[in-house]
Amino acid sequence: MLIVPVCYFNGFTPLWFIISLMLIHSATGASYDPASISLIPKIVKENVIQKANATIVSSVEIVNLSAVMVCGVLIVMIGAAQTMLITLPLYIISAGLVLLIKYKTSEVKTKTNELKQKNTYLSKLRRGFTLVRHHQILFPLTIYCIFLNLGSAPWEALSAIYISEDLDGNSITHSILRVATAAGAFLMGFILTKVKVNRYGLLFVTAGIIEGTDFFITGMNSLLLLVVIAAFVLGATVSANNVPEHTIIQTSVADEDQPQVFAVIGLISYIMIPVGAILSGYAASAIGAGKVIAIGGIVEIIAGVAILVLTKLRKAKRSDLILAKDESIKI
């Protein structure tokens, strides 16, 4: 993030160079979620893991919303390149705060893990795939994550076109929808800090079905007020997906296995986003962006109903997650 403005000030900003730096930035940032998710169970008690996850989700949404507004003002006042320079001290402060976190590791689990596998990246990644494949809760969760990302890809890829062509909107309309989405995500995150959930799998799948319904309504109706309400509900379902997903991984997988398990689930499911985006682009040129977004919602709904009916994910209680964690250590 520092190289971009420095090169800009020196007159070197070819597009290929900027894209390369963004790829590196995305690759290094991809380690944040697995690391942070595996860190939370080490610094909070097991009975408040859900509250910790919900608090983080709510905080992130507030920061994202505030950052968009503050950055917009700074870009107008001092310029885009100058604004990017501010990110360097913020990253340093963030890293310093993370280094101040102290936690204890489980000696018994660590020794057990060392006996089971060689301490290499590939062996850990292979173990992550094995755990996901044989885990009675994580396997159906991963399958549904695939369809969630496939179903949401049309909205991610075509939302700007949909707002412009179907809603006759502009940048202000886009900002309103982003604010509504962030507000919904914050509110649901706040609710989950107060309400204790027992069946995380049921919450996860139900939120996905509601998200699919939301996409279907959005794609089939071009009424701005209805779309704004749908954006608010979409934000709420995002938090209702992320909090139980993270809590399931943290509660049902041994501490030392959590980073690679989360990485494997992300690798398998996120690959559907570019695939879905490419397919959405071709489909939108034939039938329109709105209908493609609605089809994505139908995919999420059908997949969610199938997961509810055909798997035990909906029945998984907190006690089942703890039992699954003990079983995962033996794999």
Are I210 and L177 linked, directly or through other ILVMFWY residues, by side chains that come within less than 4.5 angstrom of each other?
no
To the nearest 0.5 angstrom, please state how far the CE atom of M220 sits from the CD1 atom of I298.
8.0 Å
So which residues get pulled into I191's cluster when ILVMFWY side chains under 4.5 Å apart are joined, directly or through others?
L187, V195, F232
With heavy-atom distances below 4.5 Å as the criterion, would you say the side chains of L90 and S94 are in contact?
no
Is there a side-chain contact between T237 and D214 (heavy atoms, below 4.5 Å)?
no
Is there a side-chain contact between R126 and Q260 (heavy atoms, below 4.5 Å)?
no
Are L202 and L138 linked, directly or through intermediate hydrophobic residues, by side-chain heavy-atom contacts shorter than 4.5 Å (ILVMFWY only)?
yes
Do V44 and L39 sit in the same hydrophobic cluster, where Ile, Leu, Val, Met, Phe, Trp and Tyr count as joined when their side-chain heavy atoms come under 4.5 Å apart?
yes
Measuring from I163:CD1 to S222:OG, what's the distance to the nearest 0.5 Å?
13.0 Å
Which residue in the set L310, I307, L148 passes side-chain contact (heavy atoms from CB on, under 4.5 Å) when paired with I143?
I307
Looking at CD1 of I322 and OG of S252, how far apart are the two atoms once the value is rounded to the nearest 0.5 Å?
10.5 Å
For the pair S152 (side chain) and N149 (backbone), establish whether a donor and an acceptor sit closer than 3.5 Å, ignoring hydrogens and angles.
yes
Minimum heavy-atom separation for I265 to C145, with atom names?
CG2-SG, 4.3 Å
Check for me, please, whether V132 and L313 land in the same ILVMFWY cluster - side-chain distances under 4.5 Å, paths through other members count.
yes
Measuring only between side-chain heavy atoms, which start at C-beta, is L158 closer than 4.5 Å to V292?
yes
For residues I40 and I56, determine if any side-chain heavy atom of one lies less than 4.5 Å from a side-chain heavy atom of the other.
yes
E245 side chain to Y200 side chain, donor-acceptor N/O pair below 3.5 angstrom:
no
A185 versus V57, closest heavy-atom pair with distance:
O-CG1, 4.5 Å
Please report the shortest heavy-atom distance between A240 and L192, naming the atom on each side.
CA-CD1, 4.4 Å
If you measure from the Lys or Arg side-chain nitrogens to the Asp or Glu carboxylate oxygens, is any gap between K325 and D255 under 4.0 Å?
yes
Going from CG on D168 to CG on L224, what distance comes out if it is rounded to the nearest 0.5 angstrom?
10.0 Å
Would you mind reporting whether I49 and N53 have side-chain heavy atoms less than 4.5 Å apart?
yes
Inter-residue atom distance N241.CG - T206.OG1, 0.5 Å rounding
10.0 Å
If you group Ile, Leu, Val, Met, Phe, Trp and Tyr by side-chain heavy-atom gaps below 4.5 Å, do I176 and L234 land in one group?
yes
Would you indicate whether the side-chain heavy atoms of R199 and R314 approach each other to under 4.5 Å?
no
Of all heavy-atom pairs between E300 and G212, which one has the smallest distance, and what is that distance?
OE1-N, 3.3 Å
Using 30° and 60° as the class boundaries, would you call the ring planes of Y144 and F204 parallel, tilted or perpendicular?
perpendicular
Sidechain-backbone polar pair: S58 side chain, T55 backbone, donor-acceptor under 3.5 Å:
no
Determine, stepwise, if the pair R178 / T181 fulfils side-chain contact (heavy atoms from CB on, under 4.5 Å).
CA-CA 5 Å; R178 287 199 61 179; T181 302; 5.7 Å; no
Residues G79 and T83: closest non-hydrogen pair is O-OG1, 2.7 Å
Check whether any side-chain N or O of H135 sits under 3.5 Å from a backbone N or O of V253 as a donor-acceptor pair, and report yes or no.
no
My understanding is that only residues two or more places apart in sequence, or in another chain, count here; which of them pass side chain to side chain contact (heavy atoms under 4.5 Å, CB included) with I268?
F129, T142, I146, V264
Over all heavy atoms of both residues, which pair between I137 and A324 is shortest? Give the atoms and the distance, please.
CD1-CB, 4.2 Å
Is the number of heavy atoms from other residues, nucleotides or ligands under 6.0 Å of I271 CD1 greater than 12?
no
side-chain contact (heavy atoms from CB on, under 4.5 Å) evaluation trace for F139 with R133:
CA-CA 6 Å; F139 184 68; R133 176 63 185 86; 3.8 Å; yes
Interatomic distance, OG@S280 vs CD1@I273, rounded to 0.5 Å, equals 11.0 Å
Return yes if some donor-acceptor pair links the side-chain N/O of S239 with the main-chain N/O of A236 below 3.5 Å, else return no.
no
Applying ring-ring contact (aromatic ring centres under 6.0 Å, His included) to F147 and not counting sequence neighbours gives none
Quick check: do Y162 and T218 have side-chain heavy atoms less than 4.5 Å from each other?
yes
Exceeds 12 heavy-atom contacts within 6.0 angstrom, atom NZ of K312:
no
Check: Q50 side chain, V197 main-chain N or O, donor-acceptor pair, under 3.5 Å:
yes
Go through the steps to decide whether V227 and N221 satisfy the test side-chain contact (heavy atoms from CB on, under 4.5 Å), and finish with yes or no.
CA-CA 8 Å; V227 174; N221 297 273; 5.9 Å; no
Counting distance only, does the side-chain N/O of T193 pair as donor-acceptor with the main-chain N or O of F190 below 3.5 Å?
yes
